[in-house]
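What follows is a short report on a single structure.
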Number of protein chains: 2
Amino acid sequence: MTPPKSIKRSAIPPASAAGRRLPDRRQGVTLADVARLAEVSEITVSRILRNHGPAAPATRDRVLAAVRKVGYVPNRLAGGLASSGSKLVGVIVPSLTNIVFPEVLGGIRAALDGSGFQAVIGVSDYDLAVEEQLVASLLAWRPEAMIITGFQHTAAARAMLDGSGVRIAEIMEIDSTPIDLAVGHSHWQAGFDTGQYLLGRGYRRFGYVGHDWVADHRARLRYDGLVAALADAGLTLLGSSRCPGASSTAAGRDQLANLLESHSTLDVVVFSNDDMATGGVFHCLAAGIVPRSDLALFGFNGLDIGQALPTPLSTMRSNRFETGRTAVEHLLRQRERPAAPAIIDTGYQILPGATA
Amino acid sequence: MTPPKSIKRSAIPPASAAGRRLPDRRQGVTLADVARLAEVSEITVSRILRNHGPAAPATRDRVLAAVRKVGYVPNRLAGGLASSGSKLVGVIVPSLTNIVFPEVLGGIRAALDGSGFQAVIGVSDYDLAVEEQLVASLLAWRPEAMIITGFQHTAAARAMLDGSGVRIAEIMEIDSTPIDLAVGHSHWQAGFDTGQYLLGRGYRRFGYVGHDWVADHRARLRYDGLVAALADAGLTLLGSSRCPGASSTAAGRDQLANLLESHSTLDVVVFSNDDMATGGVFHCLAAGIVPRSDLALFGFNGLDIGQALPTPLSTMRSNRFETGRTAVEHLLRQRERPAAPAIIDTGYQILPGATA
DNA sequence: CCCTGCAATGACAGCGCTAACATAGATCTC
DNA sequence: GAGATCTATGTTAGCGCTGTCATTGCAGGG
């Protein structure tokens with residue numbers, strides 16, 4: 001041990017723009033400090049900071065100056081508790097690495113912007129048990145609304161959501177009955193329409209390349225729709241290849257290679273989404289297969305990357321940003337749960353591209 | 001208006017696992033309700049739910065049963081206020097659509113897992129004014145640590161961070177002095193090493209394709225390092241093309257086309273990152289340019305997609321996941337700010353690939 | 001002038017929880 | 001078998017704010 005020669009502390013710089021002589025008791029400039037400095041009561045400071053109730057301009061200036069001087073940051077835990085209103089919206093998505101969900105969050109943030117509300121994000125990793133924990137954990141912050149992906153929840157999660165009394169939006173799909181509000185599009189129908197579109201373009205020998213259905217239930221719905229469309233035309237899938245785990249470009253590339261090994265006569269392959277389809281295009285490029293003329297490829301989502309490919313991907317655009325934005329708009333417009341659940345369809349559009 | 005024939009309510013199913021007869025006063029089952037039902041004091045319930053302090057098995061069971069029966073969800077606003085400890089870590093990233101940041105968040109979540117802490121995410125859109133607001137807004141929730149991207153902050157933001165007294169990690173770069181802790185790697189050095197590597201492989205006629213430097217200051221640092229390496233070898237960049245706005249595959253494709261129009265004799269092009277470089281590869285594929293033999297391409301980040309390309313991208317892998325994980329580990333390990341700021345280098349590795 | 005009406009401010013009582021300090025019994029120690 | 005030591009529980013007093021209900025001036029109306 002060195003002799004006790006005045007340890008050089010982190011040297012909280014007395015300047016740091018906020019001003020000198022912060023109240024000694026680290027960990028807490030409170031409303032009371034500001035009120036004392038401005039020589040008004042706490043409630044007056046509170047009202048001025050929230051623009052709530054009248055205030056004389058002189059008082060306002062004095063208070064704001066004091067706030068700046070001591071570097072006051074309101075304590076939302078206290079504020080939320082006192083007013084029983086957190087100004088929070090809980091959001092649960094299954095993933096952030098699938099670019100679709102950051103895009104949904106973009107829409108959510110856009111709609112929240114200026115409303116005074118803030119999103120708290122949870123990521124479930126496509127795991128319903130994790131999702132259940134997240135529901136409890138987010139609800140514990142007393143959000144004023146919740147946005148959650150899909151309809152698949154544990155019974156406990158559903159009970160908590162329902163029992164919370166706050167508005168709930170279930171987004172990204174509309175193929176079931178929501179607790180309160182659903183915003184998204186029909187994945188079954190999208191799959192069906194994909195099938196009809198490709199049949200209309202003359203394809204008859206269909207293959208499918210996909211990823212894990214247990215986690216990504218919506219990919220399964222699209223598959224079912226596709227198969228139904230083929231059945232209507234008296235056809236079936238001639239071959240399919242699915243990988244365990246999440247979708248990715250690498251997986252799409254590998255799975256297509258795998259599928260073609262045993263099914264060389266396909267004339268079109270439908271992928272579970274654009275990530276997989278992009279990988280499929282990569283395989284074609286590497287193997288000297290010319291997209292469309294040798295083999296047609298079709299994706300889902302309409303991601304930017306697919307459209308930047310040497311041959312733009314033929315796919316279906318889902319409106320992710322819109323979905324997030326619309327959900328928030330509806331949730332904030334009416335703060336009480338409506339009498340009956342509502343469903344909003346944000347639709348999808350075929351992007352013709354050049355691979356099918 | 002239809003006659004008032006008993007409106008069909010959303011029919012909160014009396015079952016929904018949580019059980020019948022929720023306390024009428026919607027909006028609030030409290031500890032007191034649970035305590036009353038279990039015939040113990042509130043503090044006992046509190047202790048049992050937090051696994052804090054002793055409890056008789058019988059009491060525990062009675063309490064947990066009561067919790068389940070009334071569907072109690074703790075109020076963290078109240079809990080945090082009472083204990084002055086929110087168990088929150090604030091995180092500010094510039095974007096979620098750039099896949100690098102979700103990967104950092106993955107590392108953060110992995111490290112937080114099991115610690116009882118929860119991340120609250122803010123997205124600044126590469127805008128320092130937005131970032132400043134986010135700092136204030138996240139600090140208002142009294143997080144026990146903050147993680148923020150980069151060193152560029154407004155004076156006010158820096159003052160708030162500094163004054164908050166909580167631990168602060170500035171991540172993704174280490175080329176400046178942090179407030180408290182920096183975790184990442186040197187972007188200048190990465191650029192420099194890129195230059196040296198490519199020089200070592202015999203390239204001499206360098207071009208550069210990039211995106212907005214004002215927003216993405218780290219891309220600029222890499223560029224500066226690259227130019228310095230070239231200067232050491234008595235060379236300069238022969239041409240460069242930058243687009244305004246964020247990096248994207250489409251932008252990379254367009255900018256490379258643009259650059260090659262006026263500089264057809266380049267033998268290597270360095271891109272600001274893998275997204276841009278992937279777009280460059282797409283341009284080559286579309287224009288019949290063979291990567292490496294006709295023109296070498298080099299990226300930055302080592303994204304999965306670059307490695308799934310028909311010709312895997314030559315690039316530098318940054319360790320994003322590690323960065324997030326390491327930041328959290330250090331922040332949680334020591335909860336007081338250290339005497340002097342620390343810097344942790346998570347490094348990078350060259351991925352040889354097949355395009356350079 | 002007294003009264004109404006409004007602007008500006010304050011006093012007070014919690015919001016729902018948890019530290020910190022009791023308080024009883026039960027168990028142990030020599 | 002008196003004290004020491006646990007274990008299991010309770011009592012009290014806030015955490016830092018905001019809703020609600022005063023209170024004080026002062027302009028205007030009759």
Side-chain angles (χ1 to χ4, degrees), chain A residues 23 25-64 66-67 70-88 116 139-144 164, chain B residues 23 25-64 66-67 70-88 116 139-144 164:
Chain A
R25 39 143 160 175
R26 208 81 286 257
Q27 199 67 303
V29 180
T30 72
L31 251 201
D33 298 318
V34 176
R36 207 172 305 122
L37 215 168
E39 302 184 280
V40 293
S41 68
E42 297 181 30
I43 190 70
T44 299
V45 177
S46 171
R47 279 198 278 244
I48 287 172
L49 290 180
R50 287 178 297 145
N51 280 313
H52 197 280
T59 312
R60 155 169 274 110
D61 293 346
R62 207 148 27 90
V63 166
L64 294 180
V67 165
V70 298
Y72 172 67
V73 177
N75 184 332
R76 294 253 248 151
L77 300 174
L81 180 59
S83 65
S84 37
S86 61
K87 288 285 184 183
L88 246 32
L139 244 22
W141 293 104
R142 296 295 185 267
E144 302 186 32
S164 71
Chain B
R25 39 140 159 178
R26 206 72 303 242
Q27 198 68 300
V29 180
T30 73
L31 251 200
D33 297 319
V34 176
R36 205 172 305 121
L37 215 167
E39 302 183 284
V40 292
S41 69
E42 298 182 29
I43 191 67
T44 298
V45 178
S46 171
R47 278 199 276 247
I48 287 171
L49 290 180
R50 286 176 301 144
N51 278 313
H52 196 283
T59 312
R60 155 170 275 108
D61 293 347
R62 204 145 32 87
V63 165
L64 294 180
V67 164
V70 299
Y72 172 67
V73 177
N75 183 333
R76 294 255 249 148
L77 299 175
L81 181 59
S83 65
S84 37
S86 61
K87 289 285 185 182
L88 246 30
L139 245 21
W141 293 103
R142 294 296 183 267
E144 303 187 30
S164 71

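Since this is a predicted model, take the numbers as computed values, not measurements. Naming convention: chains lettered A, B, ... in sequence-line order (proteins, then strands); numbering from 1 in each chain.
Spacing between atom CG of A:L31 and atom P of C:dC15 amounts to 19 Å, rounded to whole angstrom units. Following rounding to the nearest Å, A:E42 (CD) and C:dG10 (C1') show an atom-to-atom distance of 11 Å. Protein atom CG of B:L81 is 13 Å distant from nucleotide atom C1' of C:dA19, rounded to whole Å. Atom CD1 in B:I48 sits about 16 Å away from atom C1' in C:dC17, given to the nearest Å. Taking atom CG on B:D33 and atom C1' on C:dC15, their separation rounds to 14 Å, with Å as the unit. Rounding to whole angstrom units, NZ of residue B:K87 and P of C:dT18 are separated by 13 Å. In this structure, B:R76 places its CZ atom 14 Å from C1' of C:dT18, rounding to the nearest Å.
Taking 4.0 angstrom as the limit, B:T44 places none of its side-chain polar atoms (N or O) nearer than this to OP1 or OP2 of D:dA8. Distances shorter than 4.0 Å separate some side-chain N or O of B:S46 from OP1 or OP2 on C:dT18.
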In sequence, state the C-alpha distance, the side-chain angles, and the governing distance for A:S46 and A:R50, and then conclude on side chain to side chain contact (heavy atoms under 4.5 Å, CB included). CA-CA 6 Å; A:S46 171; A:R50 287 178 297 145; 3.0 Å; yes
Taking it one step at a time, do A:Y72 and A:L37 satisfy side chain to side chain contact (heavy atoms under 4.5 Å, CB included)? CA-CA 12 Å; A:Y72 172 67; A:L37 215 168; over 6 Å; no
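Nearest heavy atoms, A:V63 versus A:V45: CG1-CG1, 3.9 Å.
Pairs of residues two or more places apart, or lying in two chains, that qualify as side chain to side chain donor-acceptor pair (under 3.5 Å) and include a residue from residues 53-64 of chain A are A:N51-A:R60.
Note: B:I43 CD1 to B:L31 CG = 8.5 Å, rounded to the nearest 0.5 Å. One distance of note links CD of A:E42 with CZ of A:R47; it measures 12.0 Å at 0.5 Å rounding. Between atom CG of residue A:N75 and atom CG of residue B:L77 there is a gap of 9.5 Å, rounded to the nearest 0.5 Å.
If A:L77 and B:E39 are placed on DNA chain D by their nearest nucleotide, the residue sitting closer to the 5' end is B:E39.
Residue B:Y72 has its side chain nearest to C:dC17 when only D:dC17, C:dG10, C:dC17 are considered.
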Set out, line by line, the N/O atom pairs under 3.5 Å between protein and nucleotides 19-25 of chain D.
unit_1, atom_1, unit_2, atom_2, d
D:dG19, OP2, A:R50, NH1, 3.0

Polar atom pairs between nucleotides 6-8 of chain C and protein, under 3.5 Å, N or O only, would you list them?
none

